[in-house]
Amino acid sequence: MPTILPRFLPSCLLLCVATAHAADPPPGRRTYANPVDIDYRYNFEQLNEGISYRTGADPVIVRHDGAYYLFMTLADGYWRSDNLLDWRFVTPSRWPFESIVAPAAVSDGKRLVLMQSAFGPRPLLESTDPASGKLDFLTRLLPPIPGAVPPGQDILPLKPGQTPPGPWDPALFIDDDGRWYLYWNSSDTYPIYGIAMDRVARGVAFRGTPQVMLALDPAKHGWERFGPDHRGAKFPDGKPIGNYLEGAWMNKVGGRYYLQYGAPGTEYNVYANGVYVGEHPLGPFTYAAYNPVAYKPGGFVEGAGHGSTFQDVHGNWWNTGTPWLGYNWTFERRIAMFPARFAEDGQMSVSTRFGDFPHYMPESTVDDPEALFTGWMLLSYRKAASASSTLGDFAAGNVTDENPRTFWVAKDNRAGETLTVDLGTEKTVRAVQVNYADYKSGLFGDGPEIYTEFRLEHSADGKHWQPLAKTDGPRRDRPNAYLQLPEPVRTRYLRYVHGHVGAAHLAISDLRVFGNADGEAPAAPRQVSAVRNADARNAMIRWHSVPSATGYNVRWGIRPDRLTLVYQVFADRGTELELRALNVGQGYSVAVEAFNETGVSPLSEVVALP
């Protein structure tokens, strides 16, 4: 029998009702859903292979001069927002011809500084007016990293004092005393490094030599293993793919330094963020027993690694990351944003529970990130869908399977094509997310023809249709268009009516409908068991099936009142999960909750996992 922990947990863990904190006013009027709804750019790297896809990765969000600025990989520019919801693309006055991968960005209060990933010295850009796009050189050429070997020589064992070419995947940090620091590296072999920097007349200079900050230890940290669900993967020649360490980011909170990193690689569903904690910006750092901190291996959005952590204007913490798509190319990705928290005892956590369902954007300080979940449930999972036309085997049914790598393709990309989802019965609809796919899109850069227009209609009987929502405002591309309805609508059928996309084909991966069905939330799962495998990095979690459940959230953490990590499992995939993300020598507490179209069950009994 599993060990049952005492029921001293706070009520927010013991009972999760259909609408989060329903008795209280919502923390915001507007909502969002991951992936973030921005105009992702078409990648040019596979131009000569004819592989066309939109992508976004490695997001850095920095507050500067009262606004938020978003930088990410291969965007040829950046975005500005006043509210973390409405993002405007900014075309910069200068940008590297090779574009920027995994950028570093920081604000010193007067200027916003931008640094690209590189294998040698490159410029450091600055702007005192980033809203205008005007960028200048803080320094036209950074000095070489002390001890860095030339590109190609890092395949050999490095001598003492040497580092790989860099800085790749850089992160800039300015401490309270005004001192600057640089952290960097992306490798399946080498660690993350750090070094102090000085501002000098010619730009910047490095102080001292690079120091090793942290390295992976997958033999002890199960979540640092590469591959689907940490099961490994191989190159085409059969050679195992290594475990990747990358995406450094630094925050100072409560006098502690939180050096974050992404692992074990951007491919597949388990890309995550971890953290080491220290008392000095260059360490020494201690591995956090509660790692990973940002982890989302299940659901529509899979992956949460390599991003940034920042505070909004109200003091709420956020963590960004990089979900994986990978249909057209390994590095076809999106970006996501999750609420985060630093507890009084220093534990860092990121809430990915229902992390791709609608959340409120807070308009004040929110103590509990879980309070941002709207309680609007997924109404479209596995529902019947039909279309006005279909190309080949890309059937309409793919748009309700919660899989971004399957999709419907219309026979022709023309205005008036329709896609209809039958919710089965009348339900209360509050928001719709239209997620497009790229299928032989034929685009490799931005252009005036690349924008998204459509309207949504609804019907009680599938015959008489009424307007529901539509795209509006300045024309822009919206690969993951999220539309919150001004008022809830009772309806059964939803119809997408096509207007325009810039791609050669109209392709939609998922038409996701959110709201609530009538009836009751499911009962709490029973007979939960958690048994560690012979390999202590893994454990088998089992529970009894709950009638009416659409899915389950397996929740765990290092304290019974802090089940900070979640793996979402749909009910049609069974009632067991091999959890392969554990740390050797660390005990855990585990529980399961069920959800359906009405709401969320009470939490199951919490069981110990020694």
Is there a donor-acceptor pair closer than 3.5 Å between any side-chain N or O of [X] and the backbone N or O of [Y]?
| X | Y | answer |
| --- | --- | --- |
| R512 | D356 | yes |
| T322 | G305 | yes |
| S93 | L135 | yes |
| N398 | S509 | no |
| Y69 | A131 | yes |
| W324 | T330 | yes |
| S380 | V513 | yes |
| S441 | L443 | no |
| S186 | D169 | no |
| N316 | S364 | yes |

I want to know whether [X] and [Y] have ring centres closer than 6.0 Å.
| X | Y | answer |
| --- | --- | --- |
| F342 | W317 | yes |
| Y493 | H458 | no |
| F514 | F357 | yes |
| F407 | Y436 | no |
| F44 | F444 | no |
| Y439 | F394 | yes |

Exercise. Where do N269 and D229 land on the side chain to side chain contact (heavy atoms under 4.5 Å, CB included) test, with the steps shown first?
Worked result: CA-CA 7 Å; N269 64 320; D229 284 322; 3.1 Å; yes
salt_bridge([X], [Y]) N-O dist < 4.0 Å:
| X | Y | value |
| --- | --- | --- |
| R353 | E593 | yes |
| R382 | D572 | yes |
| D401 | K383 | no |
| D368 | R341 | no |
| D477 | R475 | no |
| D446 | R476 | no |
| R29 | E363 | yes |
| E426 | R492 | no |

Problem set entry | Passing candidate, side-chain contact (heavy atoms from CB on, under 4.5 Å) with T320, options I335, I61, V60 | I61
For this session: Specify the closest pair of heavy atoms between L391 and A410, including all atoms of both residues, with the distance to one decimal.
Result: CB-O, 3.7 Å
Exercise. Between W408 and T390, is a side chain to side chain contact (heavy atoms under 4.5 Å, CB included) present by the stated rule, with each step listed?
Worked result: CA-CA 7 Å; W408 162 69; T390 299; 3.7 Å; yes
Is it possible for you to check whether [X] lies under 6.0 Å from the centre of the six-membered ring of [Y], through NZ or CZ, and within 45° of that ring's axis?
| X | Y | result |
| --- | --- | --- |
| R88 | W79 | no |
| R334 | Y40 | yes |
| R405 | Y327 | no |
| R41 | F89 | yes |

Exercise. Between N319 and T309, is any side-chain donor less than 3.5 angstrom from a side-chain acceptor?
Worked result: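 There is such a pair between these side chains.
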Exercise. For atom CD of E520, is the number of surrounding heavy atoms from other residues, nucleotides or ligands below 6.0 Å larger than 12?
Worked result: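 No, the 6.0 Å shell around CD holds no more than 12 heavy atoms from other groups.
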For this session: Go through D129 and K134 one step at a time and tell me if the salt bridge (charged side-chain N to carboxylate O under 4.0 Å, His left out) criterion holds.
Result: CA-CA 6 Å; D129 184 19; K134 187 177 187 303; over 6 Å; no
For this session: Check the pair D108 / V106 against side chain to side chain contact (heavy atoms under 4.5 Å, CB included), numbers first and verdict last.
Result: CA-CA 7 Å; D108 66 2; V106 70; over 6 Å; no
Problem set entry | Pairwise side-chain contact, E457 with L468, heavy-atom cut-off 4.5 Å (strictly under) | no
Problem set entry | Side chain proximity check, L494 to V429, heavy atoms < 4.5 angstrom |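 Yes, close enough: below the 4.5 Å cut-off.
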For this session: Name the orientation class of the two ring planes belonging to F71 and Y78 (parallel below 30°, tilted from 30 to 60°, perpendicular beyond 60°).
Result: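 Tilted: the ring planes of F71 and Y78 meet at 30° to 60°.
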Problem set entry | H498 and F454: CA distance, side-chain angles, deciding distance, ring pair (Phe, Tyr, Trp, His ring centres under 6.0 Å) verdict | CA-CA 5 Å; H498 185 55; F454 64 87; 8.6 Å; no
